[in-house]
Amino acid sequence: MPRRFARRLRAPRSLGAKLVLILTIVGMAGAIGITVLLAAVITPSFDALEARAVRANVERTHAALADAAAAVETATRDQGDRAHGDAAMRTGGADRKPVPRDPGIDGVAYVDRDGTIRNVRWRGADGAGAAALRTAITRTDLARIVGQGHSGHVFARLGEQVAALGVAPLRGREDRGAARGFVVMARLVTGQALSDQLHLAARIDRTARGDERVVMDHGRLDIAVPIRGADGRTIAAARFAMPREAMLLGRRMLSFAVAGSTLLLLLLLLVLRRVIARLVLQPLRRVERHMEQVRASGVITRFDDAARRDEFGSLGRSLDAMLAQLEGLREQVEAQGFALGRSESAVAVMHNVRNALTPISTILGQGIAQPPPIDRATVARALAELGEADCSAERRARLAAFAVAAFAAEAEARETMRGELRIGREAMTHVLDIIGQQQRQAHERPPLEACDLGEIVARNAAIARYADSASIAFSFPAGHYPVCANRVILSQVIGNLLGNAAEAIAATGRGSGSIGVTIHTAGGQVVCRIRDDGEGFAAATGAMLFQRGFSTRAHKSGGYGLHWSANAMIAMDGTLRLDSEGSGRGAIATLALPVVQLIA
């Protein structure tokens, strides 16, 4: 089945193969169209879902960072309001006391209004953390962060860590609310804290720079949310990866939708192909089988499906009507066959007689038109002057030489005319042979005998040499080529072919041409080729040359020469073929006859 389908696609000649090819193209175009449509609808939707998910996670990250900063800012403001400023400022230098008990606070520092750091505390008495907090405070403008409000916050790098710093003014009781300095609290921002809030595996990338970034990597999205410092520059980034679930779900849904629609389309096309094969192709095959049966048997029978009420039933009824008409025409043809055969035989004989009489007409025309070689009045005056007594000896000698030359020319012209008359007599004998042979063999197979094909070609050479329509150069081999044929019929065929070649040369309008004959033996047959340089014929015309009544001459209503010649060659167990390389390139007539082995 796949091989047959592949053969139909490679050579879509039948109606079924064309329908299969059309359905295949339609199916492929439909599958491609459905795929493009689904991709245009599904893919952007899930891309939008993925973008919203990314935006939501980024906003949650910003919210988590803002919550951490707000928490440390609130704790810092509370600490600044309730702290005893004098005591906090007097406790300096040692950095020994632990950090306050506020949860989530990793470090605290008290700073004078002039920027002097009075006291720094770090959770767990970590000296490195306290030093990093001191360094960050010295690089930060605390007054600008607080501004006109009660507190402020900022993100800063504490060594290798990132922290949210809360800043609030420190007020003392004796200053009646006047700010003695600032209190700074630090809360480390860690990946674990962000992971707990985002429910995603997050980490702090301290090497990150620039703005927010979303990178696709192996089916997941790597998102970097920048953490900016007091100067607005990115000091770190909160990185987390989220799986591309929306994208994967969209691709899976697109694959399922395309596969399902394609499968449904293939099933529909298969069903449609089955229906077309059952309702269209099978009735057409029944019509074809019926026509082949009628052609093979020759018996005209009724079509079985003519009783159907659909289009094929109408086709069957039309076919039956056509076959009935064909049967009536066949009877008429058979009734007219006998009369047509008799008239065809007569026309063929007259055609061959015309070819044989052409040399006689040409010879007689040339003889009548040819002037005498010497004017008879001039010869008579010369002879009369020779009889005069007063003619001088020199004059007499010249007149005598003239008379001798005149008689010689007259004798030569007479011999030439005698030769041409001899050729005319042979042509007339050929005509009489044609008529007599036709009378003897009108209703029987021609008797075959050993005859010389070369001699027959030489006898019919006058048809080409004495053609009145053009000057033709004729060449043929001088040899003996024995064949088994009927001498008279073969002579008629050769004469017919030479006459047709002469007409083809005259039709070119050149006024001259050439005909060449070659004969050789091959495979137990003698093959004769007659080549002319006449008008030739096209390949489409060559297939109709042997049809009864067909002629390439516009002034003729029908031709029987080639049709009769082909049948005559078949009757003599030979063949006749006409070939041409195209219009204006001449033609070749090829005859093949069985060879005869002559025994000495």
Side-chain angles (χ1 to χ4, degrees), residues 1-30 265-344 347 537-552 554 556-560 562-564 566-567 570 578:
M1 184 67 181
R3 293 181 179 178
R4 184 172 61 184
F5 181 76
R7 286 198 302 271
R8 287 183 176 182
L9 288 183
R10 286 195 298 267
R13 297 179 181 176
S14 65
L15 179 60
K18 291 180 180 178
L19 289 176
V20 170
L21 181 60
I22 292 173
L23 291 178
T24 302
I25 295 175
V26 170
M28 294 177 62
L265 183 60
L266 291 177
L267 181 61
L268 179 61
L269 293 177
L270 181 61
V271 172
L272 183 60
R273 180 177 177 274
R274 294 284 184 180
V275 171
I276 292 175
R278 183 177 182 84
L279 298 181
V280 179
L281 298 181
Q282 290 182 2
L284 287 178
R285 291 193 186 99
R286 284 196 293 270
V287 174
E288 183 182 5
R289 285 195 299 268
H290 181 73
M291 297 301 295
E292 289 179 353
Q293 182 181 359
V294 172
R295 184 183 61 183
S297 62
V299 179
I300 298 177
T301 58
R302 184 179 176 84
F303 186 55
D304 295 334
D305 289 350
R308 294 177 55 167
R309 297 299 179 185
D310 55 3
E311 287 80 0
F312 286 101
S314 177
L315 176 63
R317 289 188 291 273
S318 299
L319 179 61
D320 287 341
M322 183 190 67
L323 292 176
Q325 185 179 10
L326 179 61
E327 187 175 6
L329 293 175
R330 177 188 291 180
E331 293 177 356
Q332 295 179 11
V333 170
E334 290 177 354
Q336 297 174 359
F338 179 72
L340 181 61
R342 288 185 299 179
S343 63
E344 179 184 352
V347 172
F537 52 86
T541 306
M544 300 184 293
L545 289 176
F546 294 103
Q547 294 181 3
R548 181 187 294 121
F550 179 80
S551 177
T552 58
K556 293 184 178 181
S557 60
Y560 292 90
L562 290 178
H563 175 72
W564 178 87
N567 291 334
I570 294 175
L578 289 177

Partners meeting side-chain contact (heavy atoms from CB on, under 4.5 Å) with [X] (sequence neighbours left out):
| X | value |
| --- | --- |
| R289 | R285, R286 |
| I22 | V26 |
| L270 | R274 |

CG of L269 to CD1 of I25: how many Å apart, nearest 0.5 Å?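 That separation rounds to 12.0 Å.
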
